[in-house]
Amino acid sequence: PWCDSPDFLTGFSVFYLDAEGKNAVEVTSVRPHKNLCIIRLQGVDSIEAARPLIGKTAYIDRREANLPPGHFFLQDLLGARVVDADNREEYGRVEEVTHPGRHDVWRVVGEKGEHLFPAVAPFLDSLDLEEGVALVRPIEGMFEPQPAAEHPGRATPKRRKHGKEGKRP
């Protein structure tokens, strides 16, 4: 599931099989199982009936979501301005949120290029999604332009000298 916890999905009685919310299907049961959910849908009582749903995305109606205080939908973060909490310099806008590890990482795109911002307490001062602004406290160099590699997607290897005369030992 694309949520903090599979438990979140247990509060819904309807899922939608299209992003527009036109193809509603009633949920008869939802049971978290490890990092997944076991879901039974009305009218889907056999593997043959379930086969057309393999690989499909199920959507919720966000108006039915009861988010705890301090939680939000990631899509509401997209497009937010990323601004320095101290000097009010704008670094760009949040274009993507990834989860490579324990914390979210924002891809921020602005005039100085594209930067990855770890959205953790030491760097994130405050977040106002109604205003679409994230105030940050970056470390030095975090939003500085990075030198371009010779090959996109691949770092340029650095040549090292070995030994005193540049020869391998």
Side-chain angles (χ1 to χ4, degrees), residues 1-138 142-143:
W2 295 337
C3 51
D4 290 345
S5 163
D7 293 323
F8 175 74
L9 297 177
T10 63
F12 295 91
S13 59
V14 174
F15 288 148
Y16 300 88
L17 300 179
D18 63 318
E20 295 77 32
K22 295 177 182 172
N23 191 3
V25 61
E26 188 176 331
V27 177
T28 58
S29 69
V30 179
R31 182 170 49 97
H33 179 70
K34 298 183 182 179
N35 290 336
L36 304 172
C37 283
I38 298 173
I39 301 171
R40 182 172 291 240
L41 303 174
Q42 182 71 39
V44 183
D45 297 325
S46 67
I47 190 67
E48 291 77 23
R51 262 189 232 290
L53 301 175
I54 294 173
K56 296 274 186 187
T57 299
Y59 298 87
I60 62 165
D61 183 338
R62 68 184 292 153
R63 294 173 297 195
E64 295 175 9
N66 186 13
L67 297 178
H71 287 71
F72 54 89
F73 289 103
L74 290 181
Q75 74 182 54
D76 296 339
L77 179 61
L78 299 179
R81 295 179 16 240
V82 178
V83 178
D84 193 293
D86 297 320
N87 65 22
R88 297 298 191 235
E89 178 181 356
E90 186 169 325
Y91 297 116
R93 293 188 179 267
V94 178
E95 296 291 324
E96 180 182 23
V97 178
T98 59
H99 321 281
R102 189 175 160 153
H103 302 286
D104 290 346
V105 174
W106 302 349
R107 185 170 61 87
V108 177
V109 178
E111 290 181 13
K112 291 185 177 182
E114 182 176 307
H115 306 278
L116 298 178
F117 174 77
V120 295
F123 305 130
L124 182 59
D125 184 72
S126 65
L127 183 59
D128 184 344
L129 291 178
E130 287 185 27
E131 293 295 320
V133 177
L135 294 179
V136 299
R137 295 187 188 280
M142 188 177 278
F143 286 104

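By convention here, the first residue in the shown sequence is residue 1.
By the 6.0 Å contact criterion, CD on Glu64 is enclosed, its count of non-hydrogen atoms from other residues, nucleotides or ligands being greater than 12. Crowding of Glu111 atom CD: a count of heavy atoms from other residues, nucleotides or ligands under 6.0 Å not exceeding 12. The number of heavy atoms from other shown groups lying within 6.0 Å of NZ (Lys56) does not exceed 12. Counted within 6.0 Å of CZ on Arg62, heavy atoms from surrounding residues, nucleotides or ligands total more than 12; the atom is thus considered enclosed.
Rounding to the nearest 0.5 Å gives a distance of 7.5 Å between OG1 of Thr28 and CG of Asp45. For the atom pair NE2 of His71 and CG of Asp76, the computed distance is 13.5 Å after rounding to the nearest 0.5 Å.
What you find for Arg88 and Leu135 is that their closest heavy atoms are NH1-CD2, 3.6 Å. In terms of heavy atoms, Val14 sits closest to Ala24 at CG1-CB, 3.8 Å. For the pair Gly79 and Arg93, the tightest heavy-atom approach, listed with the atom from each and the gap, is O-NH1, 2.8 Å. Closest heavy-atom contact between Gly43 and Ala49: O-CB, 4.2 Å. For the residue pair Val109 and Glu114, the shortest heavy atom distance occurs at CG2-CG, 4.1 Å. Here the closest non-hydrogen pair linking Ala134 and Leu124 is CB-CD1, 4.4 Å.
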Exercise. Would you sort out whether His115 and Met142 count as a side chain to side chain contact (heavy atoms under 4.5 Å, CB included), showing the intermediate values?
Key: CA-CA 8 Å; His115 306 278; Met142 188 177 278; over 6 Å; no
Exercise. Any chance you could lay out the side chain to side chain contact (heavy atoms under 4.5 Å, CB included) test for Leu41 and Leu53, step after step, and finish with the verdict?
Key: CA-CA 11 Å; Leu41 303 174; Leu53 301 175; 3.9 Å; yes
Quiz item: Do Glu95 and Leu78 pass the side chain to side chain contact (heavy atoms under 4.5 Å, CB included) test, and can you show the C-alpha distance, the side-chain angles, and the key distance before you say yes or no?
Solution: CA-CA 6 Å; Glu95 296 291 324; Leu78 299 179; over 6 Å; no
In residues 15-22, what donor-acceptor pairs under 3.5 Å come from side-chain atoms, sequence neighbours left out?
unit_1 : atom_1 : unit_2 : atom_2 : d
Asp18  : OD1    : Lys22  : N      : 3.1
Asp18  : OD1    : Asn23  : N      : 2.7
Asp18  : OD2    : Lys22  : N      : 3.0

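Inter-residue side-chain proximity for Phe73 and Leu129 is flagged as unmet; no heavy-atom pair is nearer than 4.5 Å. In this structure the side chain of Arg107 never reaches within 4.5 angstrom of the side chain of Val94, judged on heavy atoms. Using a 4.5 Å heavy-atom cutoff, the side chains of Leu77 and Leu127 are in contact. Between Leu67 and Phe8 the shortest side-chain heavy-atom distance falls below 4.5 Å. Leu9 has its side chain out of reach of Val27: every pair of non-hydrogen atoms, C-beta onward, lies at least 4.5 Å apart. For the pair Thr10/Arg31, no side-chain contact is recorded, criterion being any heavy-atom separation below 4.5 Å from C-beta on.
The ring pair (Phe, Tyr, Trp, His ring centres under 6.0 Å) analysis of residues 79-107, with sequence neighbours excluded, yields the pairs Tyr91-Phe143, Trp106-Phe117.
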